[in-house]
K.L.:
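Take this structure first; my questions come after.
Just so you know, these numbers use all the heavy atoms, side chains as well, and skip hydrogens, waters and symmetry mates.
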Amino acid sequence: MTAAGLYIAGILALRRRGHRWPMAPTVWFFALGLGSYAWVSFGFLGAYSSELRWAFTTRIALLLFAVPALMSLGRPVALARLALSGRRASRLEATLRSRAIRLFGNAMFAPLFACAVFLVFLTPLAAVLRDNPWSEWSITVVVPLAGMLMVLPIAAHSIIRTSFFVTVEFLLAFVEMLLDAAPGLLLRLNDGILDHAPAVLGPLPFWFPNALHDQHLSGDFLWFIAEIADVPVLIILFVRWMRLDRREANRIDALSDDELDALTRDHLRQRP
């Protein structure tokens with residue numbers, strides 16, 4: 001896989017310079033990150049994704065949230081920063097500061113994007129995506145990439161925010177926890193088949209649920225995963241908030257009495 005190859009290339013580049021990358025992040029990246037990707041994509045969820053609604057929605061939710069979060073434990077952004085040099089390092093930093101990464105790495109954008117994706121499950125488009133082999137292949141590639149664009153910049157603290165912006169992110173994250181629950185709740189509480197998919201033909205295992213129960217299970221799992229996925233974001237925002245508050249407190253403590261008086265006078269003059 002491309003991700004595994006790039007990660008190994010980064011480790012080898014560090015070794016050529018006489019540095020060693022820690023073993024723990026490497027194990028987490030391959031065992032938890034890529035291991036979870038293989039389990040979700042090629043295990044039960046991938047095998048029954050076209051027949052079972054709950055397998056399809058759970059697979060997408062895990063690829064969007066869980067797999068990128070587990071990959072971030074391997075600190076791939078930190079590895080890339082250490083392994084690259086010269087123009088490649090400059091390009092990496094420019095990419096991390098780009099408008100697209102700032103958008104995807106915004107803690108307010110991630111839940112809204114996930115909610116928009118999950119709303120597709122309430123429409124007939126979900127049945128089209130489940131039955132189309134091209135869309136199945138695209139989901140396996142595109143969804144984890146979108147998740148990594150959202151998770152990695154936040155986890156790596158690669159985007160500098162002001163304390164006010166982080167405070168707003170932190171407060172809105174609580175509101176977005178309710179938004180994330182909406183698609184799962186609608187799937188669970190609705191007694192009509194929302195995707196209008198035809199019944200699966202042929203002999204089925206005895207444990208296969210009927211269409212309505214399948215939709216309800218889809219809502220249950222989607223609701224659970226969406227709510228759990230918001231917890232790490234809240235923790236990261238809280239840690240970032242504390243770090244910014246400590247940094248600003250240290251900056252104020254370093255001011256002299258005259259500088260502090262001047263800063264106070266400027267602040268009072270700016271007040272209406």
K.L.:
Counting N and O atoms only, with roles assigned by atom type, does the side chain of Thr57 sit under 3.5 Å from a partner on the main chain of Arg53, one being a donor and the other an acceptor?
P.N.:
yes
K.L.:
Side chains of Arg59 and Thr140: is there a donor and an acceptor less than 3.5 Å apart?
P.N.:
yes
K.L.:
If you compare all heavy atoms of Leu82 against all heavy atoms of Leu14, which two are closest, and at what distance to 0.1 Å?
P.N.:
O-CD2, 3.6 Å
K.L.:
Report yes if some heavy atom in the side chain of Leu187 is under 4.5 Å from a heavy atom in the side chain of Leu222; otherwise report no.
P.N.:
yes
K.L.:
Same cluster for Phe56 and Val142 if Ile/Leu/Val/Met/Phe/Trp/Tyr side chains link at under 4.5 Å?
P.N.:
no
K.L.:
For Trp223, look at atom CH2 and say whether over 12 heavy atoms of other residues, nucleotides or ligands are found less than 6.0 Å away.
P.N.:
no
K.L.:
Under 4.5 Å between any side-chain heavy atoms of Pro209 and Leu52, yes or no?
P.N.:
yes
K.L.:
Under the 3.5 angstrom rule, does the side chain of His216 hit a backbone N or O of Arg188 as a donor-acceptor pair?
P.N.:
yes
K.L.:
For Gly74 and Trp21, which heavy atoms make the closest approach, and how far apart are they?
P.N.:
O-CZ2, 3.6 Å
K.L.:
For the pair Phe121 and Phe118, name the ring-plane relationship: parallel under 30°, tilted 30 to 60°, perpendicular over 60°.
P.N.:
parallel
K.L.:
For the residue pair Leu45 and Val40, what are the closest heavy atoms and their distance?
P.N.:
CB-O, 3.7 Å
K.L.:
Centres of the Phe30 and Tyr7 rings: under 6.0 Å?
P.N.:
yes
K.L.:
Check whether any side-chain heavy atom of Ile228 sits under 4.5 Å from a side-chain heavy atom of Phe65, and report yes or no.
P.N.:
no
K.L.:
Please report the C-alpha distance between Ile11 and His19 in whole Å, then the side-chain angles of each, then the deciding distance to 0.1 Å, and finally whether the side chain to side chain contact (heavy atoms under 4.5 Å, CB included) criterion is met.
P.N.:
CA-CA 9 Å; Ile11 294 176; His19 302 288; over 6 Å; no
K.L.:
Give the C-alpha distance, both sets of side-chain angles, the deciding distance and a yes or no for ring-ring contact (aromatic ring centres under 6.0 Å, His included) between Phe208 and Trp54.
P.N.:
CA-CA 11 Å; Phe208 254 56; Trp54 73 264; 9.4 Å; no
K.L.:
Side chain of Ser41, backbone of Ala38: donor and acceptor closer than 3.5 Å?
P.N.:
no
K.L.:
Looking only at atom types and distance, does a side-chain atom of Ser135 sit under 3.5 Å from a main-chain N or O of Asp131, one as donor and one as acceptor?
P.N.:
no
K.L.:
Under 4.5 Å between side-chain heavy atoms, counting indirect links through other Ile/Leu/Val/Met/Phe/Trp/Tyr residues: same cluster for Ile193 and Leu122 or not?
P.N.:
no
K.L.:
Stepwise, does the side chain to side chain contact (heavy atoms under 4.5 Å, CB included) test hold for Val67 with Leu70?
P.N.:
CA-CA 5 Å; Val67 171; Leu70 292 173; 5.9 Å; no
K.L.:
State whether the number of non-hydrogen atoms from other residues, nucleotides or ligands found under 6.0 Å of Arg17 atom CZ is greater than 12.
P.N.:
yes
K.L.:
Considering non-hydrogen atoms only, spot the tightest contact between Leu212 and Gly192 and give its length.
P.N.:
CD1-N, 4.4 Å
K.L.:
Quick check: does any side chain N or O of Ser49 sit under 3.5 Å from a backbone N or O of Gly46, one acting as donor and the other as acceptor?
P.N.:
no
K.L.:
Would you check if Phe29 and Leu73 make a side-chain contact, meaning some heavy-atom pair closer than 4.5 Å?
P.N.:
no
K.L.:
Please tell me whether Leu145 and Val143 are part of a single hydrophobic cluster in this structure, the criterion being side-chain heavy atoms less than 4.5 Å apart.
P.N.:
no
K.L.:
What heavy-atom pair brings Leu62 and Pro68 nearest, and what distance separates the two atoms?
P.N.:
O-CD, 4.2 Å
K.L.:
Might you point out which heavy atoms bring Ser50 and Arg130 nearest each other, and give the distance in Å?
P.N.:
O-NH1, 3.0 Å
